[in-house]
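Working notes, structure below.
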Amino acid sequence: MANNNLYLTLITLLFLFTAAAAGRYITTSSPSLSDGVNNDDGNILPFYISSAEECEQTYGFMPCTTTAFGNLFLIVVYGYLMYLAATYLSAGSELLLQILGPGLVGGLCLPALGALPDAMLILVSGLSGSKETAQDQVFVGMGLLAGSTVMLLTSIWGTCVVVGKCDLQNSVAQDNKDTKGFNLIGSGVSTDIWTSYSAMIMAISVLPFIVVQFPQILHSTSGRHVAVLVALVLSISLLIAYCLYQVYQPTLQKRHLDFAKHKHVRSRILKYLKMRTLGRLVDSNGEPNRDVLLKLFNSIDANKDGSLSVPELRALVVGLQVYEINLNEDDAVTKVMKDFDTSENNEVEFDEFVSGIGRWLEEAKGFKKANALANHDSLEYVHDYYEGTKKEHDLLGDQTHDDDDEEGVDDPRTTTIKAVLLLLLGTVIAAIFADPLVGAVDNFSAATHIPSFFISFIALPLATNSSEAVSAIIFATRKKQRSASLTFSELYGAVTMNNVLCLSVFLALVYVRGLTWDFSSEVLVILIVCIVMGVFASCRTTFPLWTSFLAFLLYPFSLILVYVLDNCYGWS
C-alpha cells in the first residue's frame, strides 16, 4: 500500500512540474455569438469566473489558474498530496514507535507529527504576501483548525462508536460480542479511565481560545494585541505540559495498574477468608475475630512453626486463582508479605496476620461508604470491595492482558531507515504544497464568492486528517475495550494538539504580523464542540449507540451556527 502511494505521488509530482500552464479568460470577437461560457449578459458563468489579476505561478513552476474550475481541480490535487503527506508521516511514526517504544516518541513525536500538515497550512496562510493578503488568507487557517476539531469530535467520533459497538452488560461493553444490532441503549463501546482523562485534558486545552477572546467578550478594542500574546504563552505552556504528560503517562499508568492489582489481590484474600469462616471473620464489635483467624492461620501454616513464610503465602495467592487480571505472582506475594510483615523478618507472625487483616477490613469498609454501616456479621462490604477493585482494574485498562501481542521488529536498522525516509518525505510534501493549496482555496473563494472559511472547514480536514480518521475507524472495528480506548484517546489527543500546537502557530502569526484577531464565531464553535464532548467523555467510560447520533448532529450545527453568526449578526 505504501509503495502504491509512493508511485502515485511521484506520478502526480511529475504531472504538476511539467504542466505549468496559466489559466486565462475565454473571450469572443463578436458579442452576438455565444461561446458556451459567457451568458447572454456577457457575464462569465460561475465555474469559469476568473479574477482580473494575472495568474502567478507558485515557486515559478507550479501550475496556476484564474478560473474557479481550475482552482477546484488544484484544490483536489494539492489536497490529495497533503493526504499522502499525512499518510507518510503516520506510517513513519508507527514504524518509529515500534523501534523506540512509547515515552518520548509516543508522547512528543507522534502528536507533533500528526499535527504537522495542519500546522504547515496554518503557517503559510499567514506568511503569504502583504499584511492585507495574509489577513484574507488566514481565514483558511482558521477554517482548517475549526474544521479538523469539529470533524474529529463529531463525524469520526460517532463513526467509531457505530463500527466499534458491542453488547452492553451491566453498562460495560463485552469484547467481540455484537448480537443486539443497532440497539440504541443495549449496544455501545467502553473505554478505560485514561481515555476519560484524555477527554478532560482536551476540554482544558481550549483555555487559550477563551483568553484571546477576552477583549471581544468585553467589547474592547484595546488590549487585543496583548491578549494574543498572553494566549500564545498559555498555549505554548499547555503544549509543553501535555507533551510531558504523554511522556510520563506509561510509567504513571503502570504504577496505577500495579496498585489496582494489589488491591484486587487483597480483596480476593478477604473474600476467600470470609468463605472459609462462614461470615465469622469479625466479631460483634467489627474487630477481627482472633479465635477464627487462629484456626485459619494454622491451616495456612504448613510447617506449624507459628509463622507464615514466603512459600506459604505464595501457595495462598496461587490458590486464589485470580484469572481475571494479568497477575505477576512473585510481585503479588512480595506486596502481600510487605503488608503483613511489620517486623521485616520475612515471616508473618499471628499478631501481624491479625493486624494486617484488620487494616484490609478497614480499607474495605471505606471503599464504599454506603455499606460501611452494614451488619458486621454479613460482611457485605467485602463482596463490594472485591467487585469494586475488579472494576477499578478494568477501568485502568490492562494493556498487557490482550490477545493481540505486538511482534518485535525483525530488522531494526532497515525499519529505522524506512521510518526516517517516510517522515522526511511526508514533511517535504507538506512543506512544498501547503502554500499552493492555501492559494488555490483563496482563489477559488474569490472566484465563487464562497467564504474561504467554509471551503477550508469542510474540504481541508478531509485531506490532512483522512489517514488518521481511517486508522481510528479501522482500529475501532476490532470491537474490544482496549482498541476503543486507544481509538478515542487518539482522537482526543489529535484535538488537543490542534488546540495547543496549531493554535500556537496561529497566534504567533497573528502577533508577529500584527494581524487582527476576529474569529469570534469560529472560536465559539470550537469551544462548544470541545467542551461538550470533553465533559461528556470525561464523565463516563461507556457510550451507548445513541451517543453517536448526538455527535453526528454537532457537525451540521457547527456549520449553521458559524453561518448565522457571520452573515446574520456580523460577528466576523
Side-chain angles (χ1 to χ4, degrees), residues 90 93-94 97-98 101-103 105-107 110-111 114 152 156-179 187-202 245-246 248-261 263-264 322-328 389-408 468-496 537-545 547-548:
S90 176
S93 300
E94 293 298 329
L97 186 62
Q98 293 179 22
V105 175
L110 295 189
L152 290 171
I156 304 303
W157 192 96
T159 303
C160 289
V161 172
V162 173
V163 301
K165 65 181 178 63
C166 298
D167 295 347
L168 296 182
Q169 183 177 342
N170 298 323
S171 298
V172 178
Q174 306 300 303
D175 286 354
N176 293 320
K177 185 179 181 182
D178 185 15
T179 61
S187 62
V189 299
S190 292
T191 62
D192 57 36
I193 195 65
W194 297 98
T195 308
S196 298
Y197 295 159
S198 297
M200 189 183 306
I201 292 172
M202 179 190 69
Y245 169 76
Q246 289 292 88
Y248 291 106
Q249 184 190 5
T251 302
L252 186 65
Q253 184 172 354
K254 184 178 183 302
R255 291 178 60 184
H256 278 264
L257 189 60
D258 289 344
F259 183 66
K261 288 180 179 181
K263 285 176 65 176
H264 188 59
V322 188
Y323 297 131
E324 59 265 40
I325 62 175
N326 187 33
L327 184 66
N328 185 311
T389 55
K390 183 178 182 299
K391 183 177 181 180
E392 182 179 329
H393 170 268
D394 292 340
L395 284 176
L396 286 173
D398 191 353
Q399 296 188 8
T400 59
H401 188 56
D402 192 81
D403 296 330
D404 301 325
D405 293 328
E406 296 183 359
E407 298 181 358
E468 193 173 44
V470 171
S471 175
I473 293 172
I474 292 176
F475 206 64
T477 58
R478 296 186 181 184
K479 295 183 179 295
K480 291 185 177 182
Q481 184 193 42
R482 184 190 176 209
S483 60
S485 300
L486 293 176
T487 295
F488 289 102
S489 293
E490 181 181 351
L491 294 180
Y492 302 144
V495 174
T496 301
S538 63
C539 293
R540 60 190 304 159
T541 56
T542 298
F543 303 94
L545 185 60
T547 60
S548 65

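Numbers here are sequence positions counted from 1.
Closest non-hydrogen pair, Leu152 versus Ala494, comes out as CD1-CB, 3.8 Å. In terms of heavy-atom proximity, Cys160 sits nearest to Leu491 at SG-CD1, 4.3 Å. Across all their heavy atoms, Thr191 and Ser485 have their closest contact at CA-OG, 3.3 Å. In this structure, Ser483 and Lys479 approach most closely via the heavy-atom pair OG-N, 3.9 Å. Contact record, Arg540 with Ser196: O-OG, 3.3 Å, taken as the closest heavy-atom pair. The nearest pair of heavy atoms linking Ala537 to Tyr492 is CB-OH, 3.1 Å.
To the nearest 0.5 Å, the span separating CD1 on Ile474 from OG1 on Thr487 amounts to 10.5 Å. Expressed to the nearest 0.5 Å, how far OG of Ser538 lies from CD1 of Ile201 amounts to 10.5 Å. Note that the CG atom of Leu168 and the CD atom of Gln174 stand 8.0 Å from one another [nearest 0.5 Å]. Distance check: Asp167 CG to Thr179 OG1 gives 3.5 Å after rounding to the nearest 0.5 Å. The line from CZ of Arg482 to CG of Asp175 is 11.5 Å long, rounded to the nearest 0.5 Å. Here the straight-line distance linking atom OG of Ser190 with atom NZ of Lys480 works out to 15.0 Å at 0.5 Å rounding.
Using cut-offs of 30° and 60° for the angle between ring planes, the Phe488 and Phe543 rings count as tilted.
Heavy atoms of other residues, nucleotides or ligands lying less than 6.0 angstrom from OH of Tyr245 number more than 12.
Distance alone, capped at 3.5 Å, places no donor-acceptor pair between the Asn170 side chain and the Val172 backbone. Judged by distance alone, the side chain of Thr542 and the main-chain N or O of Ser171 form a donor-acceptor pair under 3.5 Å.
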Evaluation steps, side-chain contact (heavy atoms from CB on, under 4.5 Å), between Thr195 and Thr541: CA-CA 8 Å; Thr195 308; Thr541 56; over 6 Å; no

Could you walk me through whether Asp178 and Lys165 pass the salt bridge (Lys or Arg N to Asp or Glu O under 4.0 Å) check? CA-CA 7 Å; Asp178 185 15; Lys165 65 181 178 63; 3.0 Å; yes

